[in-house]
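Let me begin by presenting the structure, written as structure tokens, before commenting on it.
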Protein chains: 2
Amino acid sequence: MEKNQPVSITLTDRLFDRLQSAIVEGEIASGSKISEPELARQHGVSRGSLREAIGRLEARKLVERKPNLGARVVTLSYEQLIEIYQVREALEGMAARLAAQSMSDKEIEELQQLLQEHGRQIEEQQGEAYFQKQGDLDFHYRIVQGSKNRHLIGLLCNDLYHLLRMYRYQFGMRSKRSQQAYDEHHYLLNAITSRDPEMAELLMRQHIRSSRRNVEKMLLEN
Amino acid sequence: MEKNQPVSITLTDRLFDRLQSAIVEGEIASGSKISEPELARQHGVSRGSLREAIGRLEARKLVERKPNLGARVVTLSYEQLIEIYQVREALEGMAARLAAQSMSDKEIEELQQLLQEHGRQIEEQQGEAYFQKQGDLDFHYRIVQGSKNRHLIGLLCNDLYHLLRMYRYQFGMRSKRSQQAYDEHHYLLNAITSRDPEMAELLMRQHIRSSRRNVEKMLLEN
DNA sequence: AATAACAAAAGTGTCGACACATTTTTCTTT
DNA sequence: AAAGAAAAATGTGTCGACACTTTTGTTATT
């Protein structure tokens, strides 16, 4: 959530951020081909800088590139979404396990406050899904940070979460289970508070699996 | 192990491969600064191409880059190695679980043959560590492939394994436990053969944990 | 002699141009 | 008129040059 550098300094950085948002939010259609000259012109930037930005997008699996054929925005598919959830289950499960060992008492306390806040929001604005989604991400985000494992943090926060946001935007995935998610968060946080790594991992994995099942059901309705 | 494209086509690709090997094998010292003009000259290539290659190395966490300050080869540390093993445990555990569900009978059979081959090598050339390491990687590699999850495959085979190889090269990590590793592989393969995902994941995670403990012990001796 | 201010050198970020590959269009041949 | 070959157009890969930033080296001041 926080950045050391005030804002992105280099041109390529800013361009990368803009393109990433544009892709995640569907402004640049998924599956569409990217024309380097055109995009460069649109953003008033040289092709070289654009290329570096595209390279980073490729590393984050937001675009695919083939030599001499150019880059395309990644195509979303049901299968890929399932794959992402499987990776997420593995990584966040481990994150929860480590968080139970490594989070400071202060961090845990702040997380409890955050969760209370969520509880209030659920009672007040019944079914206001957006805040819930945002809150859900916040919660997971903090646990991942709490793992203190920089690799894990990078993998989840820099790579997976953006892909996941992309699916949420473009598949119109809104959770109809904020109450259940809240409960699951609660159990999980209890395990972390009592410093039980095994239980924390178990509950996190269950939580993500049930979230995945919810998504599957939702997509099959279409 | 195999590539669709016969060899890397583009200059940047080849350069990237060469640099990756050079870094992994310690030819370019870990922690050392990378001078773009010099490296470009050494490899007879323009700075632009070099920069793209460095960008990919950065995405694979083999180099770190700071705006206007340049790139350095990543610094190896005990802590980071532990972090890698934790991520590996999570991801390969999931890979084993999925492999138990998704590997074809043919793939499983080939894996059994590979393992028998390892068994023979252990009996014959007692303690020839190199082949064992190579074999170990092969075995894990195939299980990851067997998960059929492209994200997982990319994360492990493109990112983590190279980092791991780097540590093996530069920390001189040779396993003195080829017999035990072989046994653990055997149990794991049994679980996969009997299509037991739960057990497969469990055994894989134990296997990697015990491998990590071995590494810890080895490093504490220095 | 130590430090501050300044100037020179080296390094990174960005750009525009050219070379080569791919795609599209046009022209030939049957 | 359809199919194939040649040619034009578009797009990607690579390069060298310039602008700006950081580092190094020098001079001046106390």
Side-chain angles (χ1 to χ4, degrees), chain A residues 3-23 28-75 158, chain B residues 3-23 28-75 158:
Chain A
K3 289 215 176 179
N4 327 20
Q5 311 291 11
V7 209
S8 315
I9 296 300
T10 178
L11 222 189
T12 303
D13 285 336
R14 286 197 294 276
L15 185 58
F16 168 71
D17 285 344
R18 260 190 288 168
L19 290 181
Q20 176 164 261
S21 297
I23 289 177
I28 304 179
S30 93
S32 69
K33 185 171 184 316
I34 291 178
S35 163
E36 292 183 2
E38 188 181 333
L39 244 195
R41 193 181 44 72
Q42 283 179 10
H43 291 262
V45 88
S46 91
R47 262 188 64 223
S49 304
L50 174 65
R51 264 167 144 276
E52 293 210 14
I54 292 181
R56 289 198 219 168
L57 293 171
E58 185 186 17
R60 295 200 175 177
K61 305 202 183 305
L62 290 174
V63 315
E64 288 172 346
R65 210 183 215 174
K66 289 179 182 174
N68 287 315
L69 293 184
R72 312 190 78 91
V73 178
V74 75
T75 302
N158 293 337
Chain B
K3 289 213 174 177
N4 325 23
Q5 312 289 10
V7 210
S8 314
I9 298 298
T10 179
L11 221 188
T12 303
D13 284 337
R14 285 197 296 274
L15 185 58
F16 167 70
D17 285 345
R18 260 190 288 169
L19 289 181
Q20 175 164 264
S21 297
I23 290 177
I28 304 179
S30 94
S32 68
K33 185 170 182 316
I34 291 178
S35 163
E36 291 183 3
E38 188 182 333
L39 243 195
R41 193 182 44 72
Q42 282 179 10
H43 292 262
V45 88
S46 90
R47 263 187 63 222
S49 305
L50 174 65
R51 266 168 143 275
E52 292 209 14
I54 292 181
R56 289 199 221 168
L57 292 171
E58 185 186 16
R60 295 200 174 176
K61 305 201 183 304
L62 290 174
V63 314
E64 288 173 346
R65 209 182 215 174
K66 289 179 181 173
N68 286 318
L69 294 184
R72 311 190 80 90
V73 178
V74 75
T75 302
N158 293 337

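First the proteins, then the strands, lettered A, B, ... as listed; each starts at 1. These numbers come from a predicted model, not from an experiment.
- For the side-chain hydrogen bond (donor to acceptor under 3.5 Å, both in side chains) test, no residue two or more places apart in sequence or in another chain qualifies with Arg41(B).
- The distance from atom CZ of Arg56(B) to atom CG of Leu15(B), rounded to the nearest 0.5 Å, is 9.0 Å.
- Partners of Ser21(B) under the side-chain contact (heavy atoms from CB on, under 4.5 Å) rule, at least two apart in sequence or in another chain, are Glu25(B).
- Distance, Phe16(B) CZ to dT14(D) P: 15 Å, rounded to whole Å.
- OP1 and OP2 of dT14(D) both lie 4.0 Å or more from every side-chain N or O belonging to Ser46(B).
- Within the structure, side-chain hydrogen bond (donor to acceptor under 3.5 Å, both in side chains) contacts touching residues 57-67 of chain B (residues at least two apart or in different chains) are Gln20(B)-Arg60(B).
- The nearest whole Å value for the distance from the CG atom in Leu50(B) to the P atom in dG16(D) is 13 Å.
- One finds a side-chain N or O of Ser49(B) lying less than 4.0 angstrom from the OP1 or OP2 phosphate oxygen of dC15(D).
- For the pair Arg14(A) CZ and dT14(C) C1', the computed distance is 12 Å after rounding to whole Å.
- In this structure, CD1 of Ile9(A) is placed 22 Å from P of dG11(C), rounded to the nearest angstrom.
- Under the side-chain contact (heavy atoms from CB on, under 4.5 Å) criterion, Ser35(B) pairs with Pro37(B), Glu38(B), not counting sequence neighbours.
- The CD-P distance, from Glu52(B) to dT14(D), rounds to 8 Å in whole Å.
- Arg47(B) pairs by the salt bridge (Lys or Arg N to Asp or Glu O under 4.0 Å) definition with Glu36(B), not counting sequence neighbours.
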Got a list of protein N/O to nucleotides 9-12 of chain D N/O distances below 3.5 Å?
from: dT12(D); atom 1: OP1; to: Lys33(A); atom 2: NZ; distance (Å): 3.1
from: dT12(D); atom 1: OP1; to: Ile34(A); atom 2: O; distance (Å): 3.3
from: dT12(D); atom 1: OP2; to: Glu36(A); atom 2: N; distance (Å): 3.3

